[in-house]
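Below is one structure, written out as structure tokens; the observations come after it.
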Amino acid sequence: MIRVLIERHIADDLGVHYEKAARETLQLAMQAHGFISGEALKNASDPNHRMVIATYRTLQDWQRWAQSSERQDMMATLNPMLETEEKVTVFEH
């Protein structure tokens with residue numbers, strides 16, 4: 001089992017739009033092979049700093065989702081809302 005931390009910094013005044021797109025992305029991810037769980041967090045002192053924590057069965061399951069056309073399409077929607085490129089870190093047990 002692995003955990004994927006996805007850190008994002010969204011642009012000012014795009015929080016509502018980001019929330020909608022991020023929810024849609026998580027709903028798609030939940031259907032991906034090997035997906036176990038996921039949660040989206042907002043930094044208590046910086047509402048533009050977001051963290052997604054996803055759990056996958058294997059690294060290969062995450063990589064399959066990360067490279068999927070579904071995720072690429074969703075990232076095409078999310079990327080214009082980000083101040084910087086998302087940072088992805090994979091942790092294993």
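Numbers here simply count residues along the sequence, with the first being 1. As a basis for the values below, the full set of heavy atoms in this structure was taken, side chains included, without hydrogen atoms, waters or symmetry mates.
The CZ atom of Arg50 sits 7.0 Å away from atom CG of Asn48, with the distance rounded to the nearest 0.5 Å. Ser68 contributes atom OG, which lies 11.5 Å from atom CE of Met75 (distance to the nearest 0.5 angstrom).
Pairs passing the salt bridge (Lys or Arg N to Asp or Glu O under 4.0 Å) check and including a residue from residues 79-93, sequence neighbours excluded, read Arg8-Glu86, Arg71-Glu86. Applying the ring-ring contact (aromatic ring centres under 6.0 Å, His included) rule to pairs touching residues 17-38 yields Phe35-Tyr56, sequence neighbours excluded.
For Asn43, the side-chain contact (heavy atoms from CB on, under 4.5 Å) partners at least two apart in sequence or on another chain are Ser45, Asp46, His49. Under the salt bridge (Lys or Arg N to Asp or Glu O under 4.0 Å) criterion, Arg23 pairs with no residue, sequence neighbours left out.
Under a 4.5 Å side-chain heavy-atom criterion applied to ILVMFWY residues, the cluster that includes Leu5 comprises Leu41, Met51, Ile53, Phe91 as well. Members clustered with Ile36: Met1, by chain and number, using a 4.5 Å side-chain heavy-atom cutoff among hydrophobic residues.
Atom CE of Met30 has 12 or fewer heavy atoms from other residues, nucleotides or ligands within 6.0 Å.
When every heavy atom of Ala21 is checked against every heavy atom of Thr77, the shortest pair comes out as CB-CG2, 4.1 Å.
Each of Leu14, Asp73, Thr25 was compared with Leu78 under the side-chain contact (heavy atoms from CB on, under 4.5 Å) criterion, and only Thr25 meets it.
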Run Val88 and Trp62 through side-chain contact (heavy atoms from CB on, under 4.5 Å) and show every step you take. CA-CA 11 Å; Val88 177; Trp62 157 249; 3.7 Å; yes
For the pair Lys42 and Glu19, evaluate side-chain contact (heavy atoms from CB on, under 4.5 Å) and give the outcome as yes or no after the intermediate values. CA-CA 10 Å; Lys42 184 189 309 183; Glu19 290 292 335; 4.3 Å; yes
